[in-house]
> 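Below are the structure tokens for one structure; questions will follow.
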Amino acid sequence: MNDRYELYCLADPFFYDTLDGGGNDHPDFPLAGREVPDGWAHQRTDTWLHYAPLDWPAPAQGWKIHVSACARDAERALEAVWDYCVPRGIAFKFLRSLPVMTMLNSKAAARGSSGKLVTIYPEDDDRLEPVLKDLDVLLHGIEGPYVLSDLRYGDGPLFVRYGGFFPRHCLDGNGEMALAVEDGEGNLVPDVRGPVFSTPAWVTLPAFLQPHLTARNAVTVEGLPYTIESVMQFSNGGGVYLGRDTRTGERVVLKEARPHAGLDVAGRDAVARLAHERDMLERLSGLPAVPALLDHFSVGEHRFLVQEFVDGNPLQRLLLQRYPLTRADCRQEDLDDYTAWVLDVLPRVRQALGSLHGRGVVFGDLHPNNILLTPQGRLVLIDYEVATLAEDRGRAALAHPAFAAPRDRRGLDVDAYAMACLCLGLFAPQLTIMLPLDGSKAHHLAELIARTFPVPEGVVEEAITVITGGPAADGGPVAPSRTPRPGRDEWPRLREAMVRAILSSATPGRDDRLFPGDPAQFEPGGGLGFAYGAAGVLYALDRAGAERLPEHEAWLRRRARSLGRGAPLGFYNGLHGIAHVLDLLGHRQDAVGLVAGRLDEKWESLDLSLFGGLSGIALNLLHLAGTADEPAFADTALRIAGICADRLGGPEDVPETSGGANPRAGLMHGSAGVALLFLHAYERTGDPALLDRAAVALRQDLRRCTTGRDGTLQVDQGWRTLPYLDEGSVGVGLVLARYLAHREDASFRVALDACRRVGLGRFFVQSGLFAGRSGVIAALAGGLGPAADGTGSVLAEQLRGLQWHALSCGGGLAFPGDQLLRLSMDFATGTAGVLFAMSTALHERPVFLPFVQPPGGTGATVTERPVHTDAGRPNSGETPKEV
């Protein structure tokens, strides 16, 4: 789970939000309420409180000091730092509250940045040593987690690292914007913040820190009777390693725990949980479903357990390999075989849990990654950190969100709930995460599962009884939800329901965002932008034919005028997307002024992408050159196209996999977006060299694709493949289709057909536009075209499939955002994107993603605006369409 999402779940049970966004039951540290000293500046963010003297020289980079502390010592550490830094004029920042501190030091937190409670910024290297010496005395006795990215000073809570003091950016090794520092020659390079201490090549470690580096390097695992062969898993609490006992030659698993790190909601660290796991394994010794405990020991401050190595596959991996609905060639016999396999596994898991219960233990963390199946038929439950005693009627302090029991379940009922979620989750992977968002969703999932898989009567119903706490009050079936559902209701009613949910969530009184969406909306400019902010929502509402919203348009216009220099310039993440929507809504003067006023900013160093880089900017400039009669915009756009052509490289100048340390493929972040720019520039100028460059860009993305056994072409990330709109193959396919409208290419034609086959898949974990089912719908209906499958309408099947994620909200219909933990209304991840995708297939007039309408433009334009009527109702004389 991405810790960013967990952090933004703290404030609200239904939407991602900041701790200042309302509904905040998590008070800040008392120090946060202290009056700002005279002559000091103060800035509050989602996580940090910054303090600096007004006359602080603000060096761009240097050696930073981090203070670490555990929960019991946090306030003492903060008081000591404040009392030391303020009189001396030393800038600093600290985490705003204990819940934020706990979340950023949780087991799922980023290992490279975890453990930092305070950051202190000495003005120069000369002040570094005396500040460290003074604080080492003042903070004596304070304990905290090791900051893995830093070098520890002594044996206390102080750590140092060389890095940037304020955000600067450059392109990293995969062509995307990253935080930067200046190297020895004055060039901006990525400010790498990994889980291992290192100094930049041009920086010399101060001599007084050398003994501390020597002490750090002296702690090793040499001399132990175990060798570590590979890493099985890392978390912020420690690692899990595959090793070998040098005395016996047997393979073993070594589990590591770091002190004060990897916190759970009970405040326990990884060391405490590892000791607890040792006790539980001893209690459960001899059970076939439990790995044997072999040894335990310490290395420095780290603790280790040695367990039996179980040579099996996690149930999650087997699920991914076997699950039939994600395959384009799924047949009824595949559904039959998969159902039989699930019905074989479930009672074996139940039996394993029963064996634990027989020893008085509640497992507490049941999910597919904690269940191992061996080729010999053994089923083993692993990870007993949060197991509890049944007699205590307790709750696990950590749990997978798709299997976490409600607060009213305790003791053995915690395992019963997780077991029921496993029953649903093996047929609808990950979707039980959504259950807290809509009380009727469990029944709806059961209905979809029974309709899709040949599950015997009673299997799913039993799980629903456990999840909901009992059958319907009258003993009969639960009444179906009145919320409109794709596949059950006509388009006008669906449209009206989604519009109602979006508008019910609006917060025009806030300045940071108008509609709740992905946490990315809280990044600079994000709450206004196309992907995650107000611009994208208003765009989707307009394309769907909803009524005009003057108050919300005024909010966007007002906030757009306040965007400062340095705000993101890109199309989906910044200024150009906002301007595009303002122009669409008829506020052309605002749009032109917004763009013209920022053409002198340093945009040349941006990446090439459509999402936030040069391609998206140039495409919007071409658009505004036409709608606003601004020929200078077109000149700049064509100059940008030339820059992109020069920087693109050749067809093989990209790695064969996308993401990670490599540049990403796809429409939003990869070369397909650049190809889209070249195609528009070609359509404007007729220069065949631009068509040639478009072909090169497309071949770069196709190089990073792979063809699956089901005949689909998908982007290859090395460990998974992606079919989606943003970084997947259907986004690439949209641009292939546009290219083929100008020039025939046999290999592109084959690739396009394989991209279309993605639409034959019947299950997607998320519903969103950029990384879910809605993007597939928008591509199929908006230029890609569906594959011919001989079994009916591919598009209609995909629209019906939105039922898997449909939720009730505000008297209407809404959809969850990325990670499924909260509802979202934004364009990229949430309800507005689903509304837009459905509009591409069902709206009475053509609807397309920006810049992907067929050459010549057949969609509604600014001068061909749809006639707006009542919200969600078609114009008079239009024929309603069924999904």
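Please read all numbers here as calculations on a predicted model, not as lab measurements. Throughout, residue positions are numbered sequentially from 1 according to the sequence presented.
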> To the nearest 0.5 Å, what is the distance between CG on Leu780 and CD1 on Ile777?
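Those atoms lie 8.0 Å apart.
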> Identify, with sequence neighbours excluded, every residue that meets salt bridge (charged side-chain N to carboxylate O under 4.0 Å, His left out) alongside Arg647.
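By the salt bridge (charged side-chain N to carboxylate O under 4.0 Å, His left out) rule, Arg647 matches no residue at all.
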> When you look at Leu849 and Phe836, which way does the side-chain contact (heavy atoms from CB on, under 4.5 Å) test go after all the steps?
CA-CA 9 Å; Leu849 280 165; Phe836 173 82; 3.6 Å; yes
> Could you pull out the closest heavy-atom pair between Ile433 and Pro436, with the gap in Å?
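Looks like O-CD, 3.2 Å.
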> For the residue pair Thr829 and Ser824, confirm or rule out a side-chain donor-acceptor distance under 3.5 Å.
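The criterion, which ignores hydrogens and geometry beyond distance, is satisfied for Ser824 and Thr829.
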> Compare all side-chain heavy atoms of Phe14 with those of Leu437 and state whether any distance is below 4.5 angstrom.
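The answer is yes, as the side chains (C-beta and beyond) meet within the 4.5 Å cut-off.
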> What is the minimum heavy-atom distance between Gly833 and Ser774, and which atoms define it?
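In terms of heavy atoms, the two residues are closest at O-CB, 4.2 Å.
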> List the steps, then state whether side chain to side chain donor-acceptor pair (under 3.5 Å) holds for Thr326 with Arg762.
CA-CA 6 Å; Thr326 56; Arg762 294 165 58 187; over 6 Å; no
> Can you find a heavy atom in the side chain of Arg704 that is under 4.5 Å from one in the side chain of Pro663?
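The answer is yes, as the side chains (C-beta and beyond) meet within the 4.5 Å cut-off.
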> Write down the atom of Gly487, the atom of Gln803, and the distance for their closest heavy-atom approach.
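Closest approach of Gly487 to Gln803, heavy atoms only: CA-NE2, 3.9 Å.
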> So, Tyr539 versus Arg543: side-chain donor-acceptor pair below 3.5 Å or not?
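The answer is no; no qualifying pair exists.
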> If we ignore angles and hydrogens, is there a donor and acceptor under 3.5 Å between the side chains of Asp818 and Gln766?
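Yes, because at least one side-chain N or O of Asp818 sits under 3.5 Å from a partner of the opposite role on Gln766.
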> Provide the closest heavy-atom pair for Asp710 versus Arg757 in the form atom of the first, atom of the second, distance.
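What the structure gives for the nearest pair is O-NH2, 2.9 Å.
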> Applying ring-ring contact (aromatic ring centres under 6.0 Å, His included) between His669 and each of Phe611, Tyr724, Phe770, report the one that passes.
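So the option named by the test is Phe611.
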> About how many Å separate CG of Asn620 and CG of Leu569, when rounded to the nearest 0.5 Å?
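Here the interatomic distance stands at 11.5 Å.
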> Side-chain contact, heavy-atom cut-off 4.5 Å: Leu821 with Pro816?
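Answer no - side chains too far apart.
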> Rounded to the nearest 0.5 Å, how far does OG1 of Thr706 lie from CD of Glu656?
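Those atoms lie 10.0 Å apart.
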> Taking all non-hydrogen atoms of both residues into account, name the closest pair between Leu690 and Tyr682 and its distance.
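The pair with the smallest heavy-atom distance is CD1-N, 3.7 Å.
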> For the pair Arg822 and Tyr5, evaluate side-chain contact (heavy atoms from CB on, under 4.5 Å) and give the outcome as yes or no after the intermediate values.
CA-CA 9 Å; Arg822 295 292 186 269; Tyr5 287 90; over 6 Å; no
> Partners of His580 by ring pair (Phe, Tyr, Trp, His ring centres under 6.0 Å), sequence neighbours excluded?
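Here the qualifying residues are Phe571, His623, Phe851.
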> So do the side chains of Leu424 and Leu431 get within less than 4.5 Å of each other, counting heavy atoms only?
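Counting from C-beta outward, Leu424 and Leu431 never come under 4.5 Å.
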> Less than 4.5 Å apart, any side-chain heavy atom of Leu319 and any of Tyr338?
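Leu319 reaches Tyr338 side chain to side chain.
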> With a 6.0 Å cut-off (strictly less than), is the heavy-atom count around CZ of Arg451, excluding the residue itself, greater than 12?
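Check passes, neighbour count above 12.
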> Show your working on side-chain contact (heavy atoms from CB on, under 4.5 Å) between Leu784 and Leu752 and close with a plain yes or no.
CA-CA 8 Å; Leu784 181 64; Leu752 177 59; 3.3 Å; yes
> As an exercise, state the distance from CZ of Arg493 to CZ of Arg485, rounded to the nearest 0.5 Å.
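Here the rounded value is 10.5 Å.
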> Residues in side chain to side chain donor-acceptor pair (under 3.5 Å) with Asp334, at least two apart?
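For Asp334 the side chain to side chain donor-acceptor pair (under 3.5 Å) partners, ignoring immediate neighbours, are Arg331.
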> Could you tell me if the side chain of Ile578 sits less than 4.5 Å from the side chain of Phe530, heavy atoms only?
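They are not in side-chain contact.
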> So Arg327 and Leu760, side-chain contact (heavy atoms from CB on, under 4.5 Å) or not? Walk me through it.
CA-CA 7 Å; Arg327 301 199 303 265; Leu760 300 178; over 6 Å; no
> Determine, step by step, whether His552 and Phe515 satisfy the ring-ring contact (aromatic ring centres under 6.0 Å, His included) criterion, reporting the C-alpha distance in whole Å, the side-chain angles of both residues, the deciding distance to 0.1 Å, and the verdict.
CA-CA 10 Å; His552 298 334; Phe515 301 100; 5.5 Å; yes
> Atom CG in Leu448, atom CZ in Arg800: separation rounded to 0.5 Å?
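CZ of Arg800 is found 12.0 Å from CG of Leu448.
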> With a 3.5 Å cut-off and no angle check, do the side chains of Asp518 and Tyr8 form a donor-acceptor pair?
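Per modelled atom types, Asp518 and Tyr8 side chains form no pair under 3.5 Å.
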> Nearest 0.5 Å please: distance from the CG atom of Leu556 over to the CG atom of Leu585.
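So the gap between those two atoms works out to 8.0 Å.
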> So, Asn662 versus Thr657: side-chain donor-acceptor pair below 3.5 Å or not?
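Yes, a side-chain donor-acceptor pair sits under 3.5 Å.
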> Which donor-acceptor pairs under 3.5 Å do the side chains of residues 727-735 make with protein atoms, sequence neighbours left out?
from	atom 1	to	atom 2	distance (Å)
Glu727	OE2	Ser658	OG	2.9
Glu727	OE2	Gln717	NE2	3.0
Ser729	OG	Leu713	O	2.6

> When you compare the side chains of Arg756 and Thr712, does any donor N or O come within less than 3.5 Å of an acceptor on the partner?
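The answer is no; no qualifying pair exists.
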> Taking only residues two or more places apart in sequence or in another chain, which ones pass salt bridge (charged side-chain N to carboxylate O under 4.0 Å, His left out) with Arg317?
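Per chain and number, Arg317 pairs via salt bridge (charged side-chain N to carboxylate O under 4.0 Å, His left out) with no residue.
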> Would you confirm whether the ring centroid of Tyr532 sits within less than 6.0 angstrom of the ring centroid of Phe827?
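No.
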> Mind checking whether His742 and Pro855 have side chains closer than 4.5 Å, heavy atoms only?
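Yes. Closest side-chain heavy atoms under 4.5 Å.
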> Going through the distances and angles, do Phe763 and Tyr323 end up as a ring-ring contact (aromatic ring centres under 6.0 Å, His included)?
CA-CA 9 Å; Phe763 186 86; Tyr323 193 69; 5.2 Å; yes
> Please find the pair of heavy atoms, one from Leu528 and one from Ala560, that lie closest to each other, and give the distance.
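Closest heavy-atom pair between Leu528 and Ala560: CD2-N, 3.6 Å.
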> Any side-chain heavy-atom pair from Asp726 and Leu667 closer than 4.5 angstrom?
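No, too far: nothing below the 4.5 Å cut-off.
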> Sequence neighbours left out, what passes salt bridge (charged side-chain N to carboxylate O under 4.0 Å, His left out) with Arg513? Give chain and number order.
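For Arg513 the salt bridge (charged side-chain N to carboxylate O under 4.0 Å, His left out) partners, ignoring immediate neighbours, are Asp17.
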